[in-house]
Amino acid sequence: MSRFGIELPGLTLKNPIMPASGCFGFGKEYSQFYDLSLLGAIMVKATTREVRFGNPTPRVAETSSGMLNAIGLQNPGLDHVLQHELKWLEQYDVPIIANVAGSTIEDYEEVAETISRAPNVHALEINISCPNVKEGGIAFGTHPDTARELTEKVKKVSSVPVYIKLSPNVTSITEMALAAEEGGADGLTMINTLLGMRLDSRSGKPVIANKTGGLSGPAIKPVALRMVYEVSQKTALPIIAMGGVSDEMDVIDFISAGASAVAVGTANFVDPFVCPAIIEKLEDRLKEWEIEHIHDLKGRSWMDIGETAYHRT
Amino acid sequence: MSRFGIELPGLTLKNPIMPASGCFGFGKEYSQFYDLSLLGAIMVKATTREVRFGNPTPRVAETSSGMLNAIGLQNPGLDHVLQHELKWLEQYDVPIIANVAGSTIEDYEEVAETISRAPNVHALEINISCPNVKEGGIAFGTHPDTARELTEKVKKVSSVPVYIKLSPNVTSITEMALAAEEGGADGLTMINTLLGMRLDSRSGKPVIANKTGGLSGPAIKPVALRMVYEVSQKTALPIIAMGGVSDEMDVIDFISAGASAVAVGTANFVDPFVCPAIIEKLEDRLKEWEIEHIHDLKGRSWMDIGETAYHRT
Amino acid sequence: MIGHQNMKIVSHESIAADIYELVLEGELTKRMTSPGQFVHIKVTTGNDPLLRRPISICSIDPDLNQFTMLYRVSGSGTRVLAERATGASVHVLGPLGNGFPVDYLKHGERALLVGGGIGVPPLYELSKRLTERGVHVTHILGFQTEKAVFYKKEFEALGDTYIATVDGSYGTKGFVTDVADQLSFQPDAYYTCGPAAMLKAVEAKFKDINGFISMEQRMGCGIGACLACVCHVAGDESNLLYKKVCSDGPVFKSGEVVL
Amino acid sequence: MIGHQNMKIVSHESIAADIYELVLEGELTKRMTSPGQFVHIKVTTGNDPLLRRPISICSIDPDLNQFTMLYRVSGSGTRVLAERATGASVHVLGPLGNGFPVDYLKHGERALLVGGGIGVPPLYELSKRLTERGVHVTHILGFQTEKAVFYKKEFEALGDTYIATVDGSYGTKGFVTDVADQLSFQPDAYYTCGPAAMLKAVEAKFKDINGFISMEQRMGCGIGACLACVCHVAGDESNLLYKKVCSDGPVFKSGEVVL
Ligand SMILES: Cc1cc2nc3c(=O)[nH]c(=O)nc-3n(C[C@H](O)[C@H](O)[C@H](O)COP(=O)(O)OP(=O)(O)OC[C@H]3O[C@@H](n4cnc5c(N)ncnc54)[C@H](O)[C@@H]3O)c2cc1C
Ligand SMILES: Cc1cc2nc3c(=O)[nH]c(=O)nc-3n(C[C@H](O)[C@H](O)[C@H](O)COP(=O)(O)OP(=O)(O)OC[C@H]3O[C@@H](n4cnc5c(N)ncnc54)[C@H](O)[C@@H]3O)c2cc1C
Ligand SMILES: Cc1cc2nc3c(=O)[nH]c(=O)nc-3n(C[C@H](O)[C@H](O)[C@H](O)COP(=O)(O)O)c2cc1C
Ligand SMILES: Cc1cc2nc3c(=O)[nH]c(=O)nc-3n(C[C@H](O)[C@H](O)[C@H](O)COP(=O)(O)O)c2cc1C
Ligand code: FES
Ligand code: FES
């Protein structure tokens, strides 16, 4: 068996690497750089029921080792995503994780129900953690009861496994994870962005039109790693981790912290070839270290030696 | 009048720059580099009732544009701080802000009462946000009711104004700020470190002996700035801001976000001369921009033009 | 097609106040064909600064496998770039976006090229291409002040060149549109790049002729994936249509998008 | 006294597998007097890597105003440092800490210097100073493998030099203590620097004589303010006493602190 094959609810991954939602569009742009079938999976951009333009520009700002974004869930809407974006992606041999967003629970239900029936959608990622929209988004991701209820409702209508995307902007992310688990989630994805801001020093005004934005990139990796470390010790749910991953060592760190697979966001902007590069270097590294399977490293940050749990096929 | 003179509860500051607690010891080491009387104030290392050794080493780790620390409130204890450290600092013409920590409310009360009587202690900073100790610390800083109660109790016994140091590891920092305000706080200091971790990629084990640590430095500036921006719009309390400040532009950003003064932490490790350098460059910058007083910039990120509130003498 | 390469710095010098001319060498140059396209530069390894910087292609030398960019030092990234020495390399992704259509004008027709500040560079390769086709080219270049003026001689070698400075220290005092007011001819098309306010003024002034406008916007990916750089489509009442500056632009037809 | 300076790189080369020799020039050298002290280096401007790196002073040339450090490329900071070219400058804070006492031994006495891996460099200036005083110096230097061996000739010029490699590819196979077992004389004092396990083994082996041990610890400030680098004091039952490696050390007397 390969060093990489991973079975997660709904997902048979060739390798543990996938682009993170919102950082890869629906794949088209990156398909000019490499064959998307190389990827473990693709987390596509958030889809809402109706088409959305999103926030005014500027939508991004740079910070030390990070970036802020307030795209505001711009997307062409459910129908268009189904008929064009997901359809187009069918040519690739790669499972799609559809990112679902909305302003009300009903929105989430409707998008989840419909999009989960697309043939190449193997799992849903429920975005209850977008910091950049006024309604919905993060509001669902900061109250355990709301998160539990939303998870239950989405689970009822989805025909594929449901992953809940957690927000780091909470006092206890473990509490949120447990609420999702109680609601019947099949897995967790974490973390979404940290709420932050940048000012233009000369004018004193926010650089981003939406004023605040979500912080991503290497700057947040220590926070993401700590959260995966905490949550993976308290829940049995598999975790797809993200937050500042830009090389194979970052992937190893998140797997060591307890993640089952890893998503790459901001790093795609810095280097559009980063995902296949990581896959290759990760394989080399495991060979060099004589690790048979990436999951032999899983959770070793907190497990005693020998205790390493295998979640492999 | 100078561009810099600032009156805050208990504090007459020559300028808005002070070293942050824990990043400057009790000043002795930095006194070999420059005259401590140049500083607006000094926030000294956390003091507990009894002497503490703190956590095992390694206690620090580097991250992208940041660092993690888990010193664990090492300090020589209340008596020694009073008799030696604060005594020694009396030779300088600089107000001291004493950082108070403990495991129980009684601890805080006892340290606050005693230390607030030291002649050069002009204000207390109540550390309810240290992420690196098992008892007390952050526990007080993540529940509004506890924070309110602690503030009330400390206020009763302190003979100088009380600033509450807020933790960023909460869902709503505004809620915590309002709890402190209700408890009678005279001001806020924010932010303490974000809880994070680093793993040694080869072994998969935490680099820091305490496993997790507090993230500081430029990486967290966007989060700190956002929090000051939020809190300053909701409370009338003056804010001493910190989080990734390393040059005069960072200071301007925090003042623009709504802070009254600014503390410099991690940057002291990168450049021990950073505080006086910032003071000088800040003065030059204000001259160049023809700003009469630093507080003319205060809160301009969210205030309408013309609305700028002056908190000056 | 977009490519990427670690390109060698073959020359790097300051040519005006805070303005640097950087010449890079490498095979990637072969892909650069359309003036007005840009490259996305990683100014240094490491995570600070993290993002790439979009910089226009100013001139292309396919024989030497070299291209030139001009940039202004303004923030953290360009400051670091300015310190990189000849012989070092920077990572380049490009060419990106759609450039100015060179073949829109025929031999003998008149093009007006209007550039403002750091919007001037892409007009240089454009002007070379247009004059090669026998198009008559007139340049109006706006700068803040005399010290900020660059590439005056280079443009003069290709066609009439008028300079405006805001403080009047050089050329006409005022804006590029002040110079345009005095033009003795009606151009067949205009090409412009510069600050948003200038683009608006130019579009308004020449509303009767066709123009090509190069836009700026803060970018994430530079390749059309992140939706950081969108602008609204002109006349779209739904406000739901958009174009991406990085991949649909940076050059748009006049009247195509909301400036 | 501690100073700080942007120092110029006058020479920078690889001398063994992943080991670089860096020579820096500047007035700050004048303050460097005690072997075993270290400097705190900011390898590049910008925030990544953020912290300074502690590196020992390997040799000092007061006439040329130059000092040498040897370092191993292991993580992000040293990787960036290795790319810095001659002519560039790095910011140096130092000299820091307390070095090895050179005057502990008298003319004719015998010193044993035991270094492991990247703990070897500070022993070089120490050995020069000791031999200048007429102290007889013997070196035992441990490395992982032949390719990692450096400064063998330099040490041989000063006194007997024995090399141990873990894989046996050079010198004695095994650890420095394996060489020490075979020593034909009893030194009057030992000086050692290297990995913690080695320091412990050396202290245990020579428990009857005085030694000076240079410690390593992760640092924040490097000047004694942040309490990142503390160690326990030997024999302290309260477990409350501590020493700071950066400012009380890095060199401690044998038996002074818990290794
Ligand atoms: C298509 C295009 C072509 C350009 N061509 C040139 C050119 O030829 N020469 C030149 O000097 N400049 C050009 N610019 C502007 C240039 O990209 C910015 O000046 C530069 O990115 C600023 O980086 P910094 O490190 O100095 O500033 P910082 O303030 O450190 O930048 C922080 C972030 O904001 C972005 N940013 C800041 N200012 C701008 C801006 N005006 N436009 C877009 N992004 C910005 C940066 O890319 C970075 O992501 C062009 C911009 C675009 C969009
Ligand atoms: C007093 C003293 C003297 C030293 N002298 C030398 C020398 O002469 N030559 C040499 O090659 N090395 C020396 N070291 C070790 C050297 O400091 C580390 O190898 C170096 O800091 C690693 O940096 P990096 O960028 O390669 O690793 P990274 O992993 O990127 O470093 C991350 C952080 O951890 C710290 N760190 C990592 N490893 C160590 C370590 N072993 N000791 C202390 N901090 C560490 C770094 O300083 C940095 O803050 C010395 C250490 C100390 C404490
Ligand atoms: C420009 C941008 C757009 C994003 N859009 C989405 C989104 O639509 N849905 C979502 O769940 N997360 C979105 N995210 C968050 C990322 O998926 C990811 O959780 C986060 O960026 C942390 O990973 P990183 O540090 O690798 O970027 C977005 C992030 C960025 C930078
Ligand atoms: C090594 C270290 C020790 C610290 N110790 C304390 C402390 O004792 N009390 C406290 O309130 N904050 C402590 N802090 C937090 C700082 O005061 C400050 O809030 C934080 O580091 C953010 O600012 P910075 O990014 O400028 O470092 C410590 C921070 C560091 C890095
Ligand atoms: S910059 Fe990402 S879409 Fe244009
Ligand atoms: S490194 Fe800060 S006290 Fe030693």
Side-chain angles (χ1 to χ4, degrees), chain B residues 19 22-33 44-46 50-77 80 198 200-202 207-209 213 216-219 221 244 246-247 265-273, chain D residues 1-6 31 40-54 74-78 80 91-94 96-97 196 215-233 236-248 257-259:
Chain B
C23 302
F24 206 73
F26 289 90
K28 229 169 234 162
E29 292 78 14
Y30 289 90
S31 74
Q32 33 177 346
F33 298 119
V44 293
K45 177 79 190 154
E50 313 294 345
V51 51
R52 289 204 193 186
F53 181 80
N55 292 322
T57 55
R59 291 176 170 188
V60 294
E62 195 184 46
T63 68
S64 274
S65 295
M67 71 176 279
L68 293 162
N69 89 80
I71 308 295
L73 298 182
Q74 172 162 3
N75 81 98
H80 190 277
R198 176 171 174 168
D200 175 80
S201 302
R202 189 62 192 90
V207 169
I208 290 191
S216 63
K221 186 190 153 191
S246 51
D247 64 22
T266 304
N268 289 292
F269 307 157
V270 179
D271 173 8
F273 300 86
Chain D
M1 241 205 56
I2 305 173
H4 66 128
Q5 189 182 9
N6 243 327
R31 301 178 185 232
H40 225 184
I41 302 270
K42 182 82 171 95
V43 297
T44 179
T45 54
N47 295 326
D48 180 42
L50 182 67
L51 297 175
R52 289 173 178 272
R53 299 295 191 265
S74 48
S76 62
T78 47
V80 169
H91 198 267
V92 180
L93 178 72
L96 301 178
M215 300 256 298
E216 249 187 33
Q217 190 47 267
R218 304 240 165 190
M219 293 185 177
C221 65
I223 60 165
C226 74
L227 303 179
C229 67
V230 297
C231 54
H232 284 281
V233 171
D236 161 38
E237 281 173 15
S238 74
N239 265 329
L240 288 168
L241 302 180
Y242 65 94
K243 296 277 178 180
K244 296 180 268 194
V245 170
C246 69
S247 54
D248 297 322
V257 296
V258 179
L259 298 180

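In the text below, chain A, chain B and the rest are named by the order of the sequence lines, each starting its count at 1.
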- Task: Just jot down the side-chain contact (heavy atoms from CB on, under 4.5 Å) partners of P76(B), sequence neighbours excluded, or say none.
- Result: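 Per chain and number, P76(B) pairs via side-chain contact (heavy atoms from CB on, under 4.5 Å) with F26(B), H80(B), V81(B), E85(B).
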
Inter-residue atom distance [X].[atom1] - [Y].[atom2], 0.5 Å rounding:
X	Y	atom1	atom2	result
D271(B)	H4(D)	CG	NE2	7.0 Å
N75(B)	L227(D)	CG	CG	9.0 Å
E62(B)	R53(D)	CD	CZ	4.0 Å

- Message: Exactly one of S246(B), S216(B), P218(B) should register a side chain to side chain contact (heavy atoms under 4.5 Å, CB included) with L50(D). Which one does?
- Response: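 With L50(D) as partner, side chain to side chain contact (heavy atoms under 4.5 Å, CB included) holds for just one option, P218(B).
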
Answer whether the closest heavy-atom distance between the side chains of [X] and [Y] falls below 4.5 Å.
X	Y	result
F33(B)	I2(D)	yes
L93(D)	P272(B)	yes
Q74(B)	Y242(D)	yes
R59(B)	V230(D)	yes

- Item | Nearest atoms (heavy-atom pairs only) where V60(B) meets A228(D) |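 Residues V60(B) and A228(D), closest heavy atoms: CG1-CB, 3.6 Å.
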
- Identify the heavy atoms of A225(D) and F24(B) that sit nearest to each other, and give their distance.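 Looking at all heavy atoms of both residues, the closest pair is CB-C, 4.3 Å.
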
- Message: With chain D as the partner, which of N268(B), V207(B), T57(B) has the greatest number of non-hydrogen pairs under 4.5 Å?
- Response: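 Among N268(B), V207(B), T57(B), the one with the most close pairs to chain D is T57(B).
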
- Task: Taking salt bridge (Lys or Arg N to Asp or Glu O under 4.0 Å) as the test, write out the residues that go with K244(D), two or more places apart.
- Result: E29(B)

- Message: Does any backbone or side-chain atom of M219(D) lie under 4.5 Å from a heavy atom of chain B? Answer side chain, backbone, both or neither.
- Response: backbone

- Message: Using heavy-atom distances under 4.5 Å, tell me whether S76(D) contacts chain B through its side chain, its backbone, both, or neither.
- Response: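 Looking at S76(D), just its side chain touches chain B.
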
- Query: Which atoms of P56(B) come close to chain D, meaning under 4.5 Å heavy atom to heavy atom: side chain ones, backbone ones, both, or neither?
  - Reply: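 Contact with chain D: none, neither part.
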
